[in-house]
Asker: 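Mind looking over this structure? Questions follow.
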Amino acid sequence: MSTATPASAATVPIQVQYMDQDGWGNIQYDVRFNGTVTSQGPNGYIVQGELDAYCHHGTLTHQSVRLDIGATHGAGTIHRHWCADTPVPIHAYGYRDHAGDTVDLKVGATSGTFNTYNFGPTYRVSIGTD
């Protein structure tokens, strides 16, 4: 888990990534979210940015990618898109159950057995409050 914790910041730039390589070192999946997380008062937050991905060719089914966003102590949202449809803009609002709570983000792709999702590390962002 990575943590971004600038002192007293209300807006934090973030890059979240998942990468998978085959046994020869060839990239099979490269999923990235580049954007910002912004505090909206003591309990709210906004995530804005772009979800982009590369998924290898040759699979029997369509590949999808996913961005999960949520307060560390609260509900979250899932943004799913076909890999071929990326890049896509993301603009999400969320609620933190505890004032000033951190926000967690992770990305993944259907790179697992039977098209299950595998994910990169969870990024925990401290945005404070307005």
Side-chain angles (χ1 to χ4, degrees):
M1 181 174 312
S2 298
T3 304
T5 316
S8 302
T11 298
V12 177
I14 187 83
Q15 181 183 59
V16 183
Q17 181 178 13
Y18 164 70
M19 186 178 290
D20 182 57
Q21 297 178 337
D22 65 15
W24 294 279
N26 299 312
I27 295 173
Q28 300 295 300
Y29 297 89
D30 186 358
V31 184
R32 297 169 190 250
F33 173 74
N34 293 301
T36 59
V37 181
T38 304
S39 174
Q40 290 292 297
N43 294 91
Y45 63 89
I46 296 175
V47 175
Q48 296 182 89
E50 184 176 84
L51 179 64
D52 198 4
Y54 164 77
C55 300
H56 72 94
H57 305 311
T59 58
L60 297 175
T61 59
H62 290 287
Q63 300 298 298
S64 63
V65 296
R66 177 171 146 173
L67 169 65
D68 292 10
I69 305 168
T72 304
H73 300 97
T77 58
I78 297 172
H79 302 267
R80 290 186 185 110
H81 299 276
W82 294 117
C83 191
D85 292 342
T86 63
V88 294
I90 301 292
H91 190 90
Y93 296 92
Y95 180 79
R96 302 178 281 177
D97 287 348
H98 304 294
D101 202 1
T102 55
V103 179
D104 293 344
L105 298 97
K106 66 180 177 180
V107 293
T110 52
S111 59
T113 306
F114 301 115
N115 258 13
T116 57
Y117 281 94
N118 286 326
F119 293 94
T122 298
Y123 290 82
R124 182 161 286 167
V125 183
S126 179
I127 54 174
T129 61
D130 290 351

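Residue numbers start at 1 and run along the sequence shown.
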Asker: Any salt bridge (Lys or Arg N to Asp or Glu O under 4.0 Å) pairs touching residues 61-82, not counting sequence neighbours?
Answerer: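 Sorted pair list: Arg66-Asp68.
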Asker: Hey, could you give me each pair passing salt bridge (Lys or Arg N to Asp or Glu O under 4.0 Å) that has a residue in residues 34-52? Not counting sequence neighbours.
Answerer: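 Sorted result for residues 34-52: empty, none.
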Asker: Check side chain to side chain donor-acceptor pair (under 3.5 Å) between Tyr93 and all other residues, then give those that pass, not counting sequence neighbours.
Answerer: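 Listed in chain order: His91.
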Asker: With sequence neighbours excluded, what pairs up with Tyr45 under the side chain to side chain donor-acceptor pair (under 3.5 Å) test?
Answerer: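 Tyr45 satisfies side chain to side chain donor-acceptor pair (under 3.5 Å) with no residue once adjacent residues are dropped.
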Asker: Can you list every salt bridge (Lys or Arg N to Asp or Glu O under 4.0 Å) pair that touches residues 17-30, not counting sequence neighbours?
Answerer: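 Every salt bridge (Lys or Arg N to Asp or Glu O under 4.0 Å) pair that includes a residue of residues 17-30, provided the two are not neighbours, is Asp30-Arg32.
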Asker: Between Tyr117 and Ser64, do the side chains contain a donor N or O and an acceptor N or O under 3.5 Å apart?
Answerer: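 Ser64 vs Tyr117: donor-acceptor pair found between side chains.
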Asker: In Å, rounded to the nearest 0.5 Å, how long is the span from NE2 of His79 to CD1 of Ile69?
Answerer: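 Rounded to the nearest 0.5 Å, the NE2-CD1 separation comes to 4.0 Å.
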Asker: Do you reckon Val47 sits in the same ILVMFWY cluster as Ile14, going by side-chain contacts under 4.5 Å, direct or chained?
Answerer: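 Same cluster.
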Asker: Using side chain to side chain contact (heavy atoms under 4.5 Å, CB included) as the criterion, list what pairs up with Asn118, not counting sequence neighbours.
Answerer: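 Asn118 satisfies side chain to side chain contact (heavy atoms under 4.5 Å, CB included) with Tyr18, Ser111 once adjacent residues are dropped.
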Asker: Report the residues that fulfil side chain to side chain contact (heavy atoms under 4.5 Å, CB included) with Thr72, sequence neighbours left out, ordered by chain and then residue number.
Answerer: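 Only Asp101, Thr102, Asp104, Arg124 meet the side chain to side chain contact (heavy atoms under 4.5 Å, CB included) criterion with Thr72.
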Asker: Quick one: salt bridge (Lys or Arg N to Asp or Glu O under 4.0 Å) pairs with a partner in residues 33-49, sequence neighbours left out?
Answerer: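 Every candidate salt bridge (Lys or Arg N to Asp or Glu O under 4.0 Å) pair involving residues 33-49 fails, so no pair, neighbours aside, qualifies.
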Asker: For Asp85, enumerate each residue passing the side chain to side chain contact (heavy atoms under 4.5 Å, CB included) test, keeping only those at least two apart in sequence or located in another chain.
Answerer: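 In terms of side chain to side chain contact (heavy atoms under 4.5 Å, CB included), with neighbours along the sequence ignored, Asp85 is linked to Trp82.
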Asker: Give me each pair satisfying disulfide bond (SG atoms under 2.5 Å apart) with a member in residues 92-129, each pair once, sequence neighbours excluded.
Answerer: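 For residues 92-129, and leaving out neighbouring residues, there are no disulfide bond (SG atoms under 2.5 Å apart) pairs at all.
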Asker: For the hydrophobic clusters of this structure (ILVMFWY residues joined by side-chain heavy atoms under 4.5 Å, transitively), does one cluster hold both Val65 and Ile27?
Answerer: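 Cluster IDs for Val65 and Ile27 differ.
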Asker: Which is it for Ser39 and Thr11 under the side-chain contact (heavy atoms from CB on, under 4.5 Å) test, yes or no, and what are the steps along the way?
Answerer: CA-CA 6 Å; Ser39 174; Thr11 298; over 6 Å; no
Asker: Work out which heavy atom in Ala99 is nearest to a heavy atom in Asn43; give both atom names and the distance.
Answerer: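 For Ala99 versus Asn43, the nearest heavy atoms are N-ND2, 3.5 Å.
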Asker: Taking side chain as C-beta onward, heavy atoms only, is His62 less than 4.5 Å from Asn115?
Answerer: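 Side-chain contact under 4.5 Å: no.
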Asker: Quick one: do Thr110 and Thr116 satisfy side-chain contact (heavy atoms from CB on, under 4.5 Å)? Show the steps, please.
Answerer: CA-CA 5 Å; Thr110 52; Thr116 57; over 6 Å; no
Asker: Could you tell me whether the side chain of Arg96 and the main chain of Ala71 form a donor-acceptor pair under 3.5 Å?
Answerer: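 No; judged by distance alone, with no hydrogens or angles, the pair does not exist.
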Asker: Any chain of hydrophobic side-chain contacts (each under 4.5 Å) joining Val103 to Tyr95?
Answerer: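 Different clusters.
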Asker: So if you build clusters from Ile, Leu, Val, Met, Phe, Trp, Tyr with side-chain heavy-atom gaps below 4.5 Å, do Tyr123 and Met19 land together?
Answerer: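 No, it is not one cluster - the side chains of Tyr123 and Met19 are not joined through contacts under 4.5 Å.
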Asker: Any donor-acceptor pair under 3.5 Å linking the side-chain atoms of Gln48 with those of Thr36?
Answerer: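 Gln48 and Thr36 do not have a side-chain donor-acceptor pair below 3.5 Å.
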Asker: Measuring from Gln28:CD to Tyr54:OH, what's the distance to the nearest 0.5 Å?
Answerer: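 Between atom CD of Gln28 and atom OH of Tyr54 there are 6.5 Å.
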Asker: Just by distance, no angles: are the side chains of Tyr29 and Gln21 close enough, under 3.5 Å, to form a donor-acceptor pair?
Answerer: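 No - no donor-acceptor pair under 3.5 Å links their side chains.
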Asker: Are Ile90 and Val31 connected, step by step, through hydrophobic side chains (Ile, Leu, Val, Met, Phe, Trp, Tyr) whose heavy atoms are closer than 4.5 Å?
Answerer: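 Same cluster.
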Asker: Holding to side chain to side chain contact (heavy atoms under 4.5 Å, CB included), I want the full list of residues that pass it with Ala75, two or more places apart in sequence or in another chain.
Answerer: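 Not a single residue meets the side chain to side chain contact (heavy atoms under 4.5 Å, CB included) criterion with Ala75.
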Asker: Just jot down the side chain to side chain donor-acceptor pair (under 3.5 Å) partners of Asn34, sequence neighbours excluded, or say none.
Answerer: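 Result, side chain to side chain donor-acceptor pair (under 3.5 Å) vs Asn34: Gln15.
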Asker: Work out which heavy atom in Val12 is nearest to a heavy atom in Ser126; give both atom names and the distance.
Answerer: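 Closest approach of Val12 to Ser126: CG2-O, 3.7 Å.
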Asker: Supply the atom-to-atom distance Thr38 OG1 to Ile46 CD1, rounded to the nearest 0.5 angstrom.
Answerer: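 So the OG1 of Thr38 and the CD1 of Ile46 are separated by 6.5 Å.
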Asker: Of the non-hydrogen atoms in Pro121 and Lys106, which two are nearest, and what is the gap between them?
Answerer: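 Residues Pro121 and Lys106, closest heavy atoms: O-CB, 3.9 Å.
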